[in-house]
Each structure stands twice: as structure tokens, then as C-alpha cells.
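Worksheet: one structure, shown below.
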Amino acid sequence: MADQHLPPGDAACSQNGKTSVGKIERRNLLLGMGGLYGATTLTTNPLAFANPVSPDFSKCTTTVDPDINCCPPRPGTEIIDFVASAKQAYERKPAHDASETYIQQYSKAITKMKSLNLTDPRNFYQQANVHCVYCDEGYPQSGYPSQKLDVHRSWFFFPWHRMYLYFFERICKNLLDDDTFTLPFWQWDDASGMEMPGLMYNDTKLSLYDCLRDPNHLPPTVIDLAFSRKDRMKPPIPPNIQIKYNLSTMYTQMITQSPTPQKFFGQPLRAGDKPDPGEGSIESLPHNCVHDWTGDPAQPNVEDMGVLYAAGRDPIFYAHHGNIDRMWYIYNNVLKGKNITDGDWLNSSFIFYNEEAKPVRVKIQDSLDITKLGYTYPDLTLEWKKYKPKPRRKGIALPPSPKIGVVFPTPLSKTISVLVDRPMKSRSKKEKDEAEETLEIQGINFNKREYVKFDVYVNEDDPSLSGPDKTEFLGSFINLVHGHGMNATTNKEFALNKVLEELGADDSGKISVTLVPQSGDVTITGIQITYDRSKF
């Protein structure tokens, strides 16, 4: 039998650097146990029945490639309920500013995790499997065996990853016998951190190194927070311009596209619902883009970071999600955004393994105060707050010649433009404060095992002229590759209140919407205007 301590990712990086990812899994991972546009709806948050979600922890199944088993070891003890026990909150630090002492300490923790027996759920690669199983529909929903659970593309995205990192950090603390240790975060939202943190993650002598990264994106290459895979074939954007684009992307996603809790966190997923109701503002841009930008394009699925089942095998994953978690902190504490108050969100629960290898049930309401979890973030300058995108053509309500006549559902095999009716125009400030006008791309059908990306523009007849620094660019839909090939259907929302004001289109009865496909096969069912009242 294979060595129970052999780490699959390290095997991939041995013998001239790289090995087929498929071969790695086969050898080692088996050790792991109606189309309309113009209709109107009002989005509220009713709670007729209590339907919080929880996984059926006893029925983990392999939904990825049959040669890959993401199921963690079965627990030998009863599941215990989580109780926050932190006596003090310690500050997480930016990875690019880490001292040599800290880097060595963190590398030691990961070495210890990788050295644990593969039957131990605290093992580094079993922790990666925890991410895989929750993100690749490995568990059915408790009480609904036909409905799988995926924590992406719904209101579970932020709280699940927060608690996943919490327990990963607790395991590190335990192995180091140092309760003051905290995980780093990759500060890609600031110009000072827009490179892969090289000292920490690019030293081949450290356990923090992973060879399955894009060799063309190592330092000093500046990250692209709106990255498309086809960009790898284009000449790089000058670093100073890329930094400005990134700062504008952060402004758009954190401010313009996050006016309500539903826009920031994502759509509700209640017990019995199908997965993928709709993502929040951060999940496609920048979250998915950082994953794809980091992964190795020479691998079949851009492993490790470019595919969900393998992402947790790269130690940089935890720094990336440290900054994602920091965005939630900033949303609450700097931008004064509100958390969801729906009982189904607060009482939904997940199961993780703690530092004693025991399964622990955690409710989302347990994740809301990070000081009770024993950590906090420094209040750093947010340069992106100064980089609000500007209209390319201020004051023009519509492009001169929008292409109309699209019949839904339609495959997005080429760029399409449609005129969408606005049921309410020239709304008062009070009306805008009470409801966020929302562009909803409906019935996005795609295969989860394929990389999919399309960009969305409003009142723009030449998308090539509008990048992340222009108001006309609303954002993107991106499917980060999963390990299984199931078809999925979801919706994508974009906030419009501030956008239409900036474009001088507030008094127009119609807007032009343009969808530009970048990668993958996708079908769109419809486009409409809705009104999001979730801030209330």
C-alpha cells in the first residue's frame, strides 16, 4: 500500500517539477476517505417556514472523476456543537509583509500537517478534501437526499469559507503549540500586494511552495483581478495600468455592486433548494479571477488553484481566502454594510474537523463576530475607494444602434445586445433607498466542469472601449471549474442605481445590455429588471 504520509501535491512537484495531475490522484487521493426581458419583480426576504441547510455528514459521495475521492475520513466520534472559546483576538497580517521568522513558522505548521497520517482529517490534503467535498456537491442536504450541497454561488460563500479557515488556523496553532499564530492574507486589493507573495510562496525549500502555478504569473507580474483565461494569449497590460484597473475592479465590486446584503453575500439557498441560486458581488470578480490567474495552465484543469477540487492543495489558497474574508470584515466595519438577518441563513450549519480531529457543527450565526473566533484584521488604507470608474460617454442614455431582436433562450455563442424595459424610471431618492434597481441575467445554463466567462455592459455599443475603469462595464459571470460535469442553472445580478445615475440614464425608459462571451458554452434564458429590497 502507498505511504500514508505521501502528500499528493508534493509528489506532483518532484522529479523535474511536474507530473500529470490525473496520475497523482489515481496513485494517492484514493487514500482519502422562460425567456423574457423587461418583466418586473420585487425581491424581498420572506420567511414563511424555517428551512436552514445542513449537510448529511453520513452520506459523502464522490461526485468528481471516479478516480478522485474527496470524502474526508469518517469520524470516529460524535459530532459536537461549536462554542467560541477565544480569550483574545490576534491580528492577521499581509503575506507580502511577513517576516522571515513568521514564514519559517508557517512553513513548519504546513510541514507538520503534511506529515500527519492520511487517515487523520487534520492532514493537509484531507483539509483540502474538506474544501473539495463542500464545493463539489459531495454531501446531500440533510433531509433532502436528492439535493446536493455546494457552498459556492449562494449566500453560504462567505461564512463557510470563514469557518473553514478558522479551523485550518486552529490546527496550525495546535501543531505549533502557539495560540498567537494567525494565518496571513494575500492583499491583492492594494498595489503593494498585487503580486504573488514571493518570499512566502515561491521558495522551493518551503512547504508553502506549490509547483502547480502559472510560471508566467510569478513575481513581479501584477495580478489581474478581472482575469480571463484567454488573456494568457495576449500581451501583458503595463503594470501601472493593471494596478489602476484592479483598484477600479475593487471599487466596483465592494461599493457599486454591494449596496444590499443580498448583492454582497449572494442569493438564498434554503433546505430542499437546488444548488447555485446566484452568487454575490465578490465571487466572480475578484475571487474566481485570482484562482484562475494563479493556477497552472499546463495542467488539465489549471490545477491546483484553477479548479475547486484541487484548490485547497496550494497553501496560497488560504492567503487568498484570508483576503476574501477580510473583504467581509471591510464590508461590515468600514463600509458599514449589514449582515443577512434571515433565520435560515443564521441557523444553517456545516461540519468541520477541529484541532483535535473531532467533527464540529457550526452555525453561520457563530461566524459573525471574528473577535470571538480569536482573530481580527488591521485597518489598512483602502486605496481602491478613490478609484471609482468613470463613464466613457457621460450623458448618453443609449448607444445609437443597439442590436435588438434576440429571442430567448439563446446560446451565448457571440456578442448579443438587447433593449431592456425599465418599469420605473426617474425614481426619487427615497424610492432608490428602499429598493436597488437590479439587472438580472436569468437562467444561465452551463456545465460546471467547464470554465465559463462572459462580460456584461450597459449602454455600451463598443465593449472593447470599456474596461474595469469604465462605468459601462458592470462585471462578469465566471464559473470556476468543478471536478464533476453536472449541468447547472443560475442567475446573475448587477446593481444599477449608481450606474444609471453616472451614465445619465436615470430618466430613460430602456437600457441597452450587452453580453460578451469570453470562454465556455452557456445559454441565457432571459434578462430583466428587478428591485432588491434586501437592505430592509
Side-chain angles (χ1 to χ4, degrees), residues 1-15 18-33 55 57-79 106-139 164-176 183 206-212 299 301 303-305 307-318 350-360 483-484:
M1 186 174 182
D3 186 346
Q4 291 286 306
H5 301 282
L6 181 63
D10 286 2
C13 295
S14 65
Q15 299 182 359
K18 301 184 182 181
T19 311
S20 164
V21 173
K23 292 180 181 177
I24 296 163
E25 280 125 18
R26 287 168 173 81
R27 185 170 65 248
N28 299 314
L29 279 194
L30 285 174
L31 295 171
M33 296 277 160
F57 198 57
S58 67
K59 292 183 171 60
C60 180
T61 58
T62 299
T63 58
V64 294
D65 184 298
D67 289 320
I68 305 169
N69 184 357
C70 280
C71 294
R74 294 291 294 272
T77 60
E78 291 186 5
I79 299 168
Y106 188 21
S107 181
K108 179 181 178 181
I110 298 302
T111 297
K112 285 176 173 287
M113 288 181 74
K114 290 181 176 181
S115 297
L116 294 171
N117 195 289
L118 274 172
T119 61
D120 189 327
R122 299 171 302 164
N123 173 279
F124 179 80
Y125 293 97
Q126 294 296 4
Q127 283 294 297
N129 279 345
V130 172
H131 180 262
C132 174
V133 74
Y134 273 102
C135 301
D136 255 317
E137 302 184 16
Y139 292 129
Y164 177 54
L165 262 64
Y166 166 81
F167 285 104
F168 189 90
E169 186 174 77
R170 291 295 304 171
I171 293 169
C172 289
K173 288 174 183 282
N174 179 266
L175 294 175
L176 293 170
L183 293 175
L206 299 176
S207 62
L208 300 167
Y209 175 77
D210 184 354
C211 70
L212 300 183
Q299 302 306 308
N301 297 296
E303 283 88 351
D304 280 328
M305 281 282 280
V307 58
L308 286 173
Y309 78 83
R313 300 182 205 163
D314 188 340
I316 206 170
F317 169 94
Y318 303 92
F350 310 103
I351 297 169
F352 301 95
Y353 291 97
N354 68 10
E355 63 271 25
E356 297 176 349
K358 296 178 180 178
V360 181
H484 61 85

Residues C60, C70; criterion disulfide (SG to SG under 2.5 Å); working and verdict: CA-CA 9 Å; C60 180; C70 280; over 6 Å; no

Check step by step if side chain to side chain contact (heavy atoms under 4.5 Å, CB included) holds for Y134 and I351. CA-CA 10 Å; Y134 273 102; I351 297 169; 3.8 Å; yes

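Taking NZ of K173 as the reference point, atom CG of L183 lies at 8.5 Å (rounded to 0.5 Å). From L308, atom CG reaches atom CG of D136 across 6.0 Å, with rounding to the nearest 0.5 Å. Separation of atoms CG (L206) and OH (Y209) is listed at 11.0 Å; rounding is to 0.5 Å. A distance of 4.5 Å separates CZ in F168 from OH in Y318, rounded to the nearest 0.5 Å. Rounding to the nearest 0.5 angstrom, the gap separating the CD atom in E355 from the CD atom in E169 is 11.0 Å.
When each of F167, Y125, F317 is paired with H131, the ring pair (Phe, Tyr, Trp, His ring centres under 6.0 Å) condition holds for F317 and for no other.
Contacts of N301 classified as side chain to side chain contact (heavy atoms under 4.5 Å, CB included), with partners at least two apart in sequence or in another chain: E303, V307, Y309, V481. Not counting sequence neighbours, the partners of Y166 by the ring-ring contact (aromatic ring centres under 6.0 Å, His included) test are F82. With sequence neighbours excluded, the residues forming a ring-ring contact (aromatic ring centres under 6.0 Å, His included) with Y106 are F181, listed by chain and number.
For the pair F124 and I171, the minimum side-chain heavy-atom distance is 4.5 Å or more.
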